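Right, one structure below, let's go through it.
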There are 2 protein chains.
Amino acid sequence: MQRISFADKNCSVAQALEVVGEWWTLMIVRDALLGVTRFDQFRQRLGISRNVLTTRLDALVAHGILERRAYDEGRDRHDYVLTPKGRGLVTVLCALREWGDEWILGTGNEPIQVLHRDCGGDVRTHLACDRCGHDVTLAELRCAPGPGLTDPDLLPRR
Amino acid sequence: MQRISFADKNCSVAQALEVVGEWWTLMIVRDALLGVTRFDQFRQRLGISRNVLTTRLDALVAHGILERRAYDEGRDRHDYVLTPKGRGLVTVLCALREWGDEWILGTGNEPIQVLHRDCGGDVRTHLACDRCGHDVTLAELRCAPGPGLTDPDLLPRR
């Protein structure tokens, strides 16, 4: 199936998917968020060859999502560590985890709990209003043109 | 590049990506969340052929993310409408949009604003603790084994 580039689309979801829309990208980010930094550990967890993993990690470094930090310069060995741009994907990953828990694995089958370090409570993603502070459901959302809208057809006429 | 199946992975992110990890899936869900329901409108917005779009919509219906609702039974025409499982992806899409706005397009270049219908404030994704109610940053998170953990290696030893 042909891979269409989204790079010229006037939409930040399309732009995000242009960078992290390949199925494997977010699995590497998942592992990095769980604390994996070493090439061999990524390889073992993802079950892929050295060549394929090298290509993938190089792409994430090129996109500024991971950075290399030398831990043994003599042998050219390094850790792969998330940048602020990479750490910014935590909400995407948490939202995917919750959706998978709710709609695929089902309640009681969650493999991992994400907890608040301070109080031990479950941490979940919320949609909340910056102005009034309330949690907002899909039915309470509306989309409006933003300052960067160049393609008015992005917002369909209702 | 070989497509490895995540279906047997004991991880809800992997399970979610097994369903929505193809680059085009979330673009169709984006359009459905924006109110698109008709085949020809999806086709025009995504710029793909009838055959390809048919395959993609059929997959989303098979996964229970979209459902068909007849609007002209005589001509076998139907709308594609998000199910509750599909609407559950709104947080994933909002998180991707915010990440694309922040890290790719940049502040001031947002094509779309997502607003609270009641008060007009900007709506954003948050990670918040169910117990104490506080917003939580990545540094304040910790992962723990959940009731469905069958692969203890999912949580790396620190």
Side-chain angles (χ1 to χ4, degrees), chain A residues 10-13 15-17 21 23 26 30 34-36 85 87-97 99-105 108-117 119 121-132 136 138 140-144 146-149 154 156 158, chain B residues 10-13 15-17 21 23 26 30 34-36 85 87-97 99-105 108-117 119 121-132 136 138 140-144 146-149 154 156 158:
Chain A
N10 180 223
C11 164
S12 40
V13 170
Q15 296 290 332
L17 291 173
W23 60 274
L26 290 174
R30 174 202 73 165
L34 287 171
V36 175
K85 182 177 179 178
R87 290 196 298 274
L89 288 165
V90 65
T91 318
V92 174
L93 268 290
C94 284
L96 280 169
R97 178 191 74 92
W99 186 81
D101 279 347
E102 180 169 4
W103 293 103
I104 303 178
L105 296 176
N109 299 315
E110 299 86 351
I112 283 186
Q113 294 178 293
V114 177
L115 304 175
H116 185 194
R117 205 178 277 277
C119 82
D122 285 310
V123 172
R124 292 184 206 285
T125 54
H126 294 255
L127 288 172
C129 175
D130 272 1
R131 185 177 295 171
C132 70
V136 176
L138 176 56
E140 295 168 308
L141 297 180
R142 69 177 182 88
C143 289
L149 188 68
L154 182 59
R158 298 294 184 104
Chain B
N10 179 223
C11 165
S12 39
V13 170
Q15 296 290 331
L17 291 173
W23 60 275
L26 290 174
R30 175 203 72 165
L34 287 171
V36 175
K85 181 176 179 178
R87 290 196 297 274
L89 287 165
V90 64
T91 319
V92 175
L93 268 291
C94 284
L96 279 170
R97 179 190 73 93
W99 187 80
D101 278 347
E102 179 169 3
W103 292 103
I104 303 179
L105 296 176
N109 300 315
E110 300 87 351
I112 284 186
Q113 294 178 294
V114 177
L115 303 175
H116 185 194
R117 204 178 277 279
C119 82
D122 286 309
V123 172
R124 292 183 205 285
T125 54
H126 294 256
L127 289 172
C129 176
D130 272 0
R131 184 176 296 169
C132 71
V136 176
L138 176 56
E140 294 168 308
L141 298 179
R142 70 177 180 88
C143 289
L149 188 68
L154 182 59
R158 299 295 182 104

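Worth saying up front: this structure is predicted, and the values here are computed from it rather than measured. Chain letters run A, B, ... following the sequence lines, proteins first, then strands; residues in each count from 1.
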So, does A/Arg87 use its side chain to make a donor-acceptor pair with the main chain of B/Leu138 at under 3.5 Å?
no
State whether the side chain of A/Trp99 and the backbone N or O of B/Ser12 hold a donor-acceptor pair below 3.5 Å, judged by distance alone.
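No, A/Trp99 side chain to B/Ser12 backbone: no donor-acceptor pair under 3.5 Å.
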Given that the side chain runs from C-beta out, which part of A/Leu127 has a heavy atom under 4.5 Å from chain B: side chain, backbone, both or neither?
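Both backbone and side chain of A/Leu127 come within 4.5 Å of chain B.
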Just to verify, what does B/Asp130 make a side-chain contact (heavy atoms from CB on, under 4.5 Å) with, not counting sequence neighbours?
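Testing B/Asp130 for side-chain contact (heavy atoms from CB on, under 4.5 Å), a comparison that skips the adjacent residues, returns A/Asp122, A/Arg124, A/His126.
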Partners meeting side-chain contact (heavy atoms from CB on, under 4.5 Å) with B/Glu140 (sequence neighbours left out)
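For B/Glu140, the residues satisfying side-chain contact (heavy atoms from CB on, under 4.5 Å) (neighbours in sequence not counted) are A/His116, B/Val136, B/Thr137.
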Can you see which heavy atom on [X] is nearest to which on [Y], and at what distance?
{"X": "B/Gly121", "Y": "A/Cys129", "result": "CA-SG, 3.8 Å"}
{"X": "B/Leu34", "Y": "A/Leu154", "result": "CD1-O, 3.5 Å"}
{"X": "A/Leu96", "Y": "B/Ala16", "result": "O-CB, 3.5 Å"}
{"X": "A/Arg30", "Y": "B/Cys11", "result": "NH1-SG, 3.0 Å"}

Who among [options] has the most heavy-atom pairs with chain A under 4.5 Å?
{"options": "B/Cys143, B/Ala95, B/Ala128", "value": "B/Ala128"}
{"options": "B/Leu141, B/Leu105, B/Leu26", "value": "B/Leu141"}
{"options": "B/Lys85, B/Arg97, B/Glu102", "value": "B/Lys85"}

Of all of A/Thr91, A/Leu149, A/Asn109, which one pairs up most often with chain B through heavy atoms under 4.5 Å apart?
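Winner by heavy-atom pair count: A/Leu149.
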Which one of A/Ile112, A/Ile104, A/Val90 has the most heavy-atom pairs closer than 4.5 Å to chain B?
A/Ile112
Can you tell me which portion of B/Cys119 sits under 4.5 Å from chain A's heavy atoms? Options are side chain, backbone, both or neither.
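Answer is both: backbone and side chain atoms of B/Cys119 are under 4.5 Å from chain A.
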Interatomic spacing from CG in A/Leu17 to CG in B/Leu93 - rounded to 0.5 Å
8.0 Å
